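The structure appears below as structure tokens.
What you see is a predicted model, and the numbers here were worked out from it, not measured in a lab. Naming convention: chains lettered A, B, ... in sequence-line order (proteins, then strands); numbering from 1 in each chain.
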Amino acid sequence: MPGSGHHLTDLSYYPGCSLESSARESNISLMEAAGILGLNLIELEDWNCCGSSSANILDKEIAFSLAVRNLSLAPPDRPLMVMCPRCLYHLREAHQRLSREPETLRAQERRWGRPISLDLSIIHFLEVLVRLGPARLKQGLVRNLNGLKFVPYYGCTLFRPPALRQGTYYQGELGNVLTMLGGVPLNKALTHRCCGSFLSAARADVVTPLVNEILASAVAVGAECLVTSCAMCQLNLEIRSTWEPRLPIFHFSEILALALGAEDYEGWFSRHLVDPRPLLAARNLIA
Amino acid sequence: MNPPVSALNLRGAATRIVFAEQDRFLARDIQRLSGANLSRCFHCRTCGNGCPFIRHMDYPPNGVIRLVQFGMRQQALESHTIWICVGCHTCSVQCPMGIDIAAIMATLRRLALEEGAMIAETNILDFHREVLHSIKQYGRAHKLGIMLRYKARVRQWFADLDVGLRMLAKRKMDLKASRVKAINEITRLFIPYWKR
Ligand code: SF4
Ligand code: SF4
């Protein structure tokens, strides 16, 4: 990114289709947390789908162009922040291909009639938090998480696909950030097991045992809930599990915003299929 | 539950492979198209151990690689495995030879579609088609629209109805699609260049 960690006030923000609709609670709580931390998230004007798994499977070129259109909309002078791990992957992969293939870059610039910056930095929200540093987080802490025992559930995509291995490795930061805020991470569960992705729609029979296995592993280490950075994982874990008792599945941004003192949590938590409010109330985190 | 898959399940021991009838160039082609160096695979089966979906595959991931190495084009392109694979990269992360197996699967899916091979998992393909349709129409994925059209296509209206209704009740699926304003920029992508 241009400049250093001090620069992080204005960020372009790419929500993606899930955070725009089914995971709106993640979007709202993210905005809230960012505001408290002094970040100014500017939604990418007229963004489109990142390409998605489906488009990538059916037609790689269309998927690539979809990702590139978003890049062409991003102002070059501030980093583009992404929340969904899959969107991050597709956008970064497309960006890498543009730097490898100058002729493709020129063709795409002509197609969209806009310049595309090869220096644009595409970062995940967790990276932003790490660069902000622990002091800033501690400063903002209003509700100590009170020893809330959670499994940091990353899913399969965040910082993992081989094509993205060159960058700085931010693995483990989800747990670190929430530890700073008073939570207790339990890492010995299936923290990186794939949630089933799109098979949840077409082959639910495949996904249910898988999701149950993830939840069972969390219960086995004594977790009270899972915290995930991926909206699709959150949804699959909620709708496909038949495991009892149901563990609440939080979006990372919700727990973060809660700890930072956000007050409009009713609106987020009421959208969950597994109500997390009894757990939070028992921990004296909400009234 | 499917029976456990062996290292190289060629659908029964009776399968005879006549090498002269196989596609000698398949391995080379897949290697070039996917960028994954599959000749380095020594069939240690680490990939299959990690794959969360192996129980629902007809060949384990290294089995598909074996098919490609043997030039068994039809078997590879018509396998269930390439469609069940979600590209989670668990195998690619664990492979001791650093082979990007997910990229090989992606390449095989593409060839299967391009060559009109028999698709082993039509429901999965139908779902992807509906997602792409939604993107073409709105520039974004509209979940409710995708699910309704998908259900109509596979004619399974009542499977999963409870989950759908719970999602609607929690307003997890919006009735109205969120759209890209400059939608012509998106739809143009779907028209062949000589028709634009
Ligand atoms: S892990 Fe790698 S080397 Fe081992 S069988 Fe799988 S692809 Fe081959
Ligand atoms: S990428 Fe495909 S083959 Fe590899 S572990 Fe994931 S689902 Fe299995």
Residue B/Phe190 versus chain A: region with a heavy atom under 4.5 Å: both
Please flag which part of A/Leu235 lies under 4.5 Å from any non-hydrogen atom of chain B: side chain, backbone, both or neither. side chain
Are any of the side-chain nitrogens in B/Glu114 or B/Arg110 under 4.0 Å away from the carboxylate oxygens of its partner? yes
Which region of B/Leu144, side chain (C-beta onward) or backbone (N, CA, C, O), has a non-hydrogen atom less than 4.5 Å from a non-hydrogen atom of chain A, or is it both or neither? neither
Chain A contact via B/Lys181 - which portion, at a heavy-atom distance below 4.5 Å: both
B/Arg188 versus chain A, heavy atoms under 4.5 Å apart: side chain, backbone, both or neither? side chain
Within 45 degrees of the axis of the six-membered ring of A/Phe64 and under 6.0 Å from its centre: does A/Arg97 put its NZ or CZ there? yes
If we define contacts as heavy-atom pairs under 4.5 Å, which of A/Arg271, A/Arg193, A/Arg24 has the most with chain B? A/Arg271
Does any backbone or side-chain atom of B/Ile124 lie under 4.5 Å from a heavy atom of chain A? Answer side chain, backbone, both or neither. both
Check whether B/Cys51 gets within reach of chain A through its side chain, its backbone, both or neither, counting any heavy atom under 4.5 Å. neither
Between the side chain of B/Ser134 and the main-chain N/O of B/Ile146, is any donor-acceptor distance below 3.5 Å? no
Ionic contact status for A/Arg69 with A/Asp46, cut-off 4.0 Å: yes
Selection from A/Arg86, A/Arg111, A/Glu213, A/His192 maximising heavy-atom pairs under 4.5 Å formed with chain B: A/Arg111
Mark yes or no for whether B/Glu78, through its side chain, and B/Gln75, through its backbone, hold a donor-acceptor pair below 3.5 Å. no
Can you check whether A/Leu30's main-chain N or O pairs, donor with acceptor, with A/Glu254's side chain at less than 3.5 Å? no
Is there a donor-acceptor pair under 3.5 Å between the side chain of A/Thr191 and the backbone N or O of A/Tyr154? no
Tell me if a side-chain donor or acceptor on A/Asn212 pairs with a main-chain N or O of A/Thr242 at a distance below 3.5 Å. yes
Can you tell which part of A/Thr157 gets under 4.5 Å to a heavy atom of chain B, answering side chain, backbone, both or neither? neither
Proximity breakdown for A/Glu45 and chain B, heavy-atom pairs closer than 4.5 Å: side chain
Under 3.5 Å, side chain of A/Thr228 to main-chain N/O of A/Tyr153, donor-acceptor pair present? yes
Decide, yes or no, whether a salt bridge links B/Arg129 with B/Asp126 under the criterion of side-chain N to carboxylate O below 4.0 Å. yes
Chain B heavy atoms under 4.5 Å from A/Glu25: which part of the residue, side chain, backbone, both or neither? side chain
Salt bridge flag under 4.0 Å for residues A/Arg203 and B/Glu121: yes
Side-chain (B/Gln22) to main-chain (B/Phe70) donor-acceptor, under 3.5 angstrom: no
What part of B/Ile186 gets closer than 4.5 Å to chain A, counting heavy atoms only: side chain, backbone, both or neither? side chain
B/Glu130 versus chain A, the contacting section by heavy-atom distance below 4.5 Å: neither
Relative to chain A, which segment of B/Arg109 carries a heavy atom at a distance below 4.5 Å: side chain, backbone, both, or neither? side chain
So which of A/Leu210, A/Asn56, A/Ile57 has the biggest tally of heavy-atom pairs under 4.5 Å with chain B? A/Ile57
Proximal component of B/Ala182, with respect to chain A [non-hydrogen, under 4.5 Å]: both
Segment of A/Ser270 engaging chain B (4.5 angstrom heavy-atom cut-off): backbone
Chain A shares the most heavy-atom pairs under 4.5 Å, among B/Arg140, B/His142, B/His89, with B/Arg140
